[in-house]
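These notes are about the structure you will find just below.
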Amino acid sequence: MIKPGVFLQNRYEIINRIGSGGMAEVYKAKDHKLNRFVAVKVLRSEYRDDKGFLSKFRVEAQAAAGLSHPNIVNVYDVGEDRGLSFIVMELVEGITLKDYIAKKGKLSVREATSICLQAAAGLEAAHNNGIVHRDVKPQNIIISLDGKAKITDFGIARAATSDTIRSSAMGSVHYSAPEQTRGGYCDAKSDIYSLGITFYEMLTGRVPFDGDTTVEVALKHLQEEIPGPRRFAPEIPHSTEQIVLKCTQKSPDRRYQNMAELIRDLKESLVNPDGDFVVIPKVDNKAKTIMFSDDEVREIRNNSLPVYDDSLDTGAAGKLQQDTRSYGRGDTKPYANYYQNSRYQPAGSAYRPDAGTSGNQREEYRDREYPSDYPPLEELDDLDDLEDENEDDYEYEASRRRRRRSSRDRGDKIAVAAAIAAGVLAVLIILFIIGRMLGIIGGSGTGETDAEQNVQTEETSSKVPMPDLIGKTEKEAQKMLKDLNLGYKYLGEKASSEYAKGTVVEQSEEAGNEVDVNTTIGYYISSGSIEPKTIPDLTDKPQTQAEKMLKDMGLSYQIDNTRYSDTISKGNVITTNPGAGSSVTDDNPPVTVYISQGSDSSLVEVPNMVNHYESDAQTALSNLGLYAFVTEQTSDTIDSGLVISQDVAPGTMVQTGTSITLTVSTGPADKDDITILDTEGTWMCYAQLNAPDGYNGEPVQIDLLQNGTTTTVFSGIPQFPYILNVQGQPGVTTGTVYVYTLDPTTYEVTSTTEYDGVEFSRVD
C-alpha cells in the first residue's frame with residue numbers, strides 16, 4: 001500500500017486509497033500540474049515482476065486510452081516510477097452499480113433502463129473503436145454523484161479484430177456469455193449478453209443463475225434457459241422483459257446485432273412499455289439448444305465424454321444413427337457430429353481408425369492416453385452394437401473389415417515407396433552441396449571467395465545511417481526507426497521553446513552516424529515551453545488565420561462550432577478561452593476557439609417539463625436543440641426524480657442553444673441524514689453559474705467570498721454555463737460568488753452579478 005503524501009513522477013500526490021481489485025489498488029490523487037483530482041490505479045507489488053500481469057495492465061491503458069465518451073472513465077496517463085506501474089484515470093465520485101443495487105434491493109424500471117442506456121452508449125463507443133470489453137458487470141459500472149453511469153476496467157479488453165479473443169481471459173462467470181464460457185469467439189454480441197444479465201440484476205435484484213462453484217454457474221449459462229425477470233418482479237413491462245430475453249439468448253445470432261439496436265428498443269420501451277416491438281429471431285430447427293441431463297452434467301464435471309443417447313438426436317446430432325450405418329464406407333465419422341453439436345470437440349478433429357492406419361499404428365492408438373477422452377479403438381471397431389443384430393448385419397460387418405485390411409496393406413506399400421524416394425532425394429541434395437563447395441556446380445570462383453563475398457555483404461548490410469528525428473512527432477519517429485529495422489525507447493520529456501510539444505527534442509544517436517541494425521534508439525519528447533505566452537486577440541479573425549497564429553506560437557487548440565453570433569460573421573472567431581491577453585504555458589489545456597455559425601434565427605417553444613422525470617425532460621429539451629441543466633431540491637409534495645420547476649416559462653419562444661435550468665426533487669428531507677460537519681479535509685464547490693443578464697462575451701472577473709475573505713478564482717472570458725471548480729475554506733459549507741463584467745477596452749467593471757448560497761462539500 002502506498003502511503004498518503006507520496007508523489008509519483010513528481011506530479012501525482014497520493015491522498016488516500018479508494019478501492020482495491022484483483023491485480024491493482026486504486027488511489028485518489030492530486031495532479032499538481034493540472035490542479036485536479038484523479039484516480040491512480042497501481043499494480044500490486046506481487047505482480048510487478050510478472051510479465052503476464054504487466055502486459056495485461058498495459059492492455060487496459062491501451063484499450064481505454066483511445067476512448068473518449070461521457071459514459072466511459074477516461075484514461076489520462078500511464079507511467080512507471082520507482083518500480084510502480086500505474087494508470088492515471090478520471091476520478092468519478094460515486095459507487096459501483098453493484099453496491100447501488102445492494103443498497104436499493106432492486107431498481108425501478110425507469111431507473112434501470114436509464115442506466116442501461118448510458119452503459120450501452122459507452123459500450124457502443126468502444127465497439128465503434130474496435131474494442132470489446134469482455135467483462136461487463138455491475139462491479140465495472142460506476143454511478144457518479146450526478147447519476148451518470150460510466151464504464152470502467154478494460155483490463156481484459158481486446159481489439160475486436162484480434163485472434164486472441166478467447167476465454168483465456170474470461171470475465172466474471174455470472175455475466176459471461178455462453179461462447180465466452182466455453183472458449184468460443186467473443187465479439188460485441190458477447191458484451192450485449194453481459195449487459196443483458198446486468199440489466200436483469202438491476203430489475204430483479206438478483207442474477208439469473210447462481211451456484212456453489214463457478215463451474216456450476218457456467219454450465220447453467222450453457223444449458224439452462226434464462227428465467228423471465230417478471231417471475232421475480234411482476235411489475236416489469238412486457239417490452240422490457242423481451243429486451244432482457246433478447247440480450248441473453250444462447251445463440252449470438254438471436255441477440256441484438258449491435259448496441260444501436262439495443263439502444264433503439266430501450267428508448268422505445270420508455271414510451272411504449274406494453275408494446276410488442278421486440279423481435280427475437282426464431283430458432284432454427286437444425287440448430288436447437290442441447291439440454292444436458294444430470295448424468296451428463298456430472299460427466300462434464302469429471303472431464304469425460306457422455307455415451308450416446310437418443311435424447312440428443314437434435315440438430316447436427318440428429319443424423320447420428322444413419323451416419324453410424326454408413327461408417328466403414330469411408331464417408332462419415334461416427335461421433336463427430338455428436339461432439340461438434342455438444343461443443344466438447346472442434347469439428348473435424350474426431351479420430352478415424354480407417355484413415356490409412358497401419359497395424360503397428362493401431363496398436364499405438366490402443367495404448368495411447370487420449371487427453372480429450374476419445375473412445376478407445378475397440379469401441380469404434382464394435383459399431384455393430386449400434387445396429388440390429390441380424391444375419392445381414394453380420395455379413396456386412398465381415399465385408400467391411402476385409403476392406404479395411406486391404407486398405408491397410410495398400411497403405412504399407414505406399415509408405416515403403418515414399419521412404420525409398422526420400423532416401424534418393426537426400427543423396428542428391430548431399431551431392432549438390434559437395435559440388436557447390438568444390439566449385440564444380442555453379443559459379444566460376446572458389447568456395448573461399450564466395451564465402452568472403454558473403455561475409456562482406458553481411459557486414460555492409462548490418463549498418464544503417466541514423467535518421468534525423470528532431471522535430472518529428474513520436475509516431476513519425478517510431479515509423480522511421482521501424483523502416484530501418486531499428487528499435488526505439490521513450491526516455492522521457494524535456495522542456496523546449498524551439499520544438500512544439502509532443503515532438504522529438506533529443507535522440508541518443510546523432511543523425512548521419514552509422515549504427516548497427518536492431519540497435520535501440522532512445523529519444524526525448526518536448527514537453528513544451530516553460531515560458532508563458534500571451535494569447536492574442538483573435539476576435540473576428542477567420543478561422544484559418546487564427547489557427548495559423550496559434551500554431552506559430554506553439555500553442556495547442558481546439559475548435560468549438562456550437563455558438564451563434566449576430567455581430568460576428570460566420571466562420572470568424574467570436575472569442576477564445578482563456579481570453580485575449582491571458583498568459584498560458586504548454587502545460588495548460590488547449591485553447592478553445594469559438595467559431596461563429598452566423599446569426600441563429602430559429603426559435604423553438606419551451607415545453608412544460610414540470611412533473612416529468614429528469615431523464616425524460618433532458619431528452620425532450622435536447623431534441624429541441626436546448627440545453628438542460630439540473631439543480632436539486634428537497635420536496636414534501638413532489639416525488640423524487642420529478643421536475644419541480646424550470647427557469648424559463650413554458651410556451652416561451654427561445655433560440656436553439658438556450659440553456660434551461662430544471663429544479664428536480666430529491667424527495668422529502670430526512671432528519672436522520674443530518675450530520676455534524678467537521679472543519680478538516682478538503683472542501684470543494686462544483687456550482688454551475690449561468691451567464692449574467694445581457695452578457696455578450698465580455699471579459700469577467702469571478703470572486704468568491706467566504707467568512708469575510710474574498711478570493712479571485714477566474715479572470716478572462718469564460719464559457720457559460722461556468723462550472724465553479726474551486727476549493728473553499730475547511731468546514732465552510734456555503735459562499736457567495738460575484739461575477740464582475742468588465743469593459744473589453746478599459747477593463748472597468750460595468751455590471752455585477754451575485755450568486756448567493758453556493759454550496760461546498762467535503763471530498764476527503
Side-chain angles (χ1 to χ4, degrees), residues 4-5 12-18 27-39 90-95 143-148 578 589 629-636 640 644-645 647 661-693 695 699-716 718-742 749 751-764:
Y12 304 108
E13 180 186 4
I14 300 299
I15 297 177
N16 59 281
R17 189 172 71 167
I18 57 177
Y27 297 86
K28 180 180 179 180
K30 185 172 184 180
D31 181 355
H32 284 271
K33 182 175 287 189
L34 298 180
N35 193 28
R36 64 182 178 186
F37 290 100
V38 295
E90 172 189 3
L91 177 64
V92 181
E93 298 283 355
I95 62 174
I143 307 299
S144 64
L145 296 179
D146 60 358
K148 182 173 291 185
F629 295 98
V630 177
T631 60
E632 294 182 340
Q633 178 180 315
T634 60
S635 174
D636 295 330
S640 176
I644 300 175
S645 63
D647 65 340
T661 300
L662 305 174
T663 301
V664 178
S665 170
T666 59
D670 189 352
K671 295 182 180 180
D672 293 337
D673 291 341
I674 299 175
T675 57
I676 300 175
L677 298 176
D678 55 42
T679 57
E680 298 180 353
T682 303
W683 292 73
M684 298 294 296
C685 174
Y686 301 101
Q688 174 182 290
L689 306 180
N690 292 325
D693 293 338
Y695 179 75
V700 302
Q701 177 177 316
I702 302 177
D703 289 353
L704 169 65
L705 174 63
Q706 278 189 310
N707 285 348
T709 303
T710 301
T711 305
T712 299
V713 298
F714 179 83
S715 180
Q719 179 181 356
F720 286 106
Y722 179 82
I723 304 300
L724 189 69
N725 186 356
V726 62
Q727 181 175 341
Q729 298 178 14
V732 181
T733 60
T734 61
T736 302
V737 175
Y738 296 92
V739 177
Y740 302 100
T741 304
L742 308 178
V749 177
S751 65
T752 302
T753 303
E754 178 180 336
Y755 300 84
D756 191 19
V758 295
E759 296 182 353
F760 287 75
S761 59
R762 182 174 177 175
V763 296
D764 66 352

| Sole candidate of Asn725, Val726, Leu724 that passes side-chain contact (heavy atoms from CB on, under 4.5 Å) when paired with Met684 | Asn725
| Val732 versus Trp683: any side-chain heavy-atom pair under 4.5 Å? | no
| Short side-chain to backbone donor-acceptor contact, Glu90 and Ala39, under 3.5 Å | no
| query | Can you tell me how far the OG1 atom of Thr712 sits from the CG atom of Leu704, to the nearest 0.5 Å? | reply | 9.5 Å
| What about the rings of Tyr12 and Tyr27, do their centers lie closer together than 6.0 Å? | no
| Quick one: OG1 on Thr666 to CD1 on Ile644, what's the gap to the nearest 0.5 Å? | 7.0 Å
| remark: For Arg36, the side chain to side chain donor-acceptor pair (under 3.5 Å) test, sequence neighbours excluded, returns none
| query | Where do Pro692 and Thr753 come nearest, in terms of heavy atoms and distance? | reply | CB-OG1, 3.2 Å
| query | According to the interplanar angle, ranging from 0 to 90°, do the rings of Phe714 and Tyr722 count as parallel (below 30°), tilted (30 to 60°) or perpendicular (above 60°)? | reply | tilted
| query | Of the non-hydrogen atoms in Tyr755 and Asn690, which two are nearest, and what is the gap between them? | reply | OH-O, 2.6 Å
| Does some side-chain heavy atom of Ile702 sit less than 4.5 Å from a side-chain heavy atom of Val737? | yes
| request: Can you establish whether the number of heavy atoms outside Glu759 located under 6.0 Å from its atom CD is more than 12? | output: no
| From Leu91 atom CG to Ile18 atom CD1, the distance as rounded to the nearest 0.5 Å | 5.5 Å
| query | Is there a side chain to side chain contact (heavy atoms under 4.5 Å, CB included) between Lys30 and Asn35 once you walk through the steps? | reply | CA-CA 7 Å; Lys30 185 172 184 180; Asn35 193 28; 3.3 Å; yes
| query | So, does Gln706 use its side chain to make a donor-acceptor pair with the main chain of Gly728 at under 3.5 Å? | reply | no
| task | Report yes if some heavy atom in the side chain of Tyr695 is under 4.5 Å from a heavy atom in the side chain of Val700; otherwise report no. | result | yes
| Hey, is the main chain of Thr661 close enough, under 3.5 Å, to the side chain of Asp647 for a donor-acceptor pair? | yes
| request: Would you check if Leu742 and Val749 make a side-chain contact, meaning some heavy-atom pair closer than 4.5 Å? | output: yes
| field | Inter-residue atom distance Asn707.CG - Gln729.CD, 0.5 Å rounding | value | 5.0 Å
| message | Can you tell me how far apart CG (Asp756) and OG1 (Thr736) are? Round to the nearest 0.5 Å. | response | 4.0 Å
| With Glu13 via salt bridge (charged side-chain N to carboxylate O under 4.0 Å, His left out) - residues at least two apart | none
| Partner set under ring pair (Phe, Tyr, Trp, His ring centres under 6.0 Å) for Tyr738, not counting sequence neighbours | none
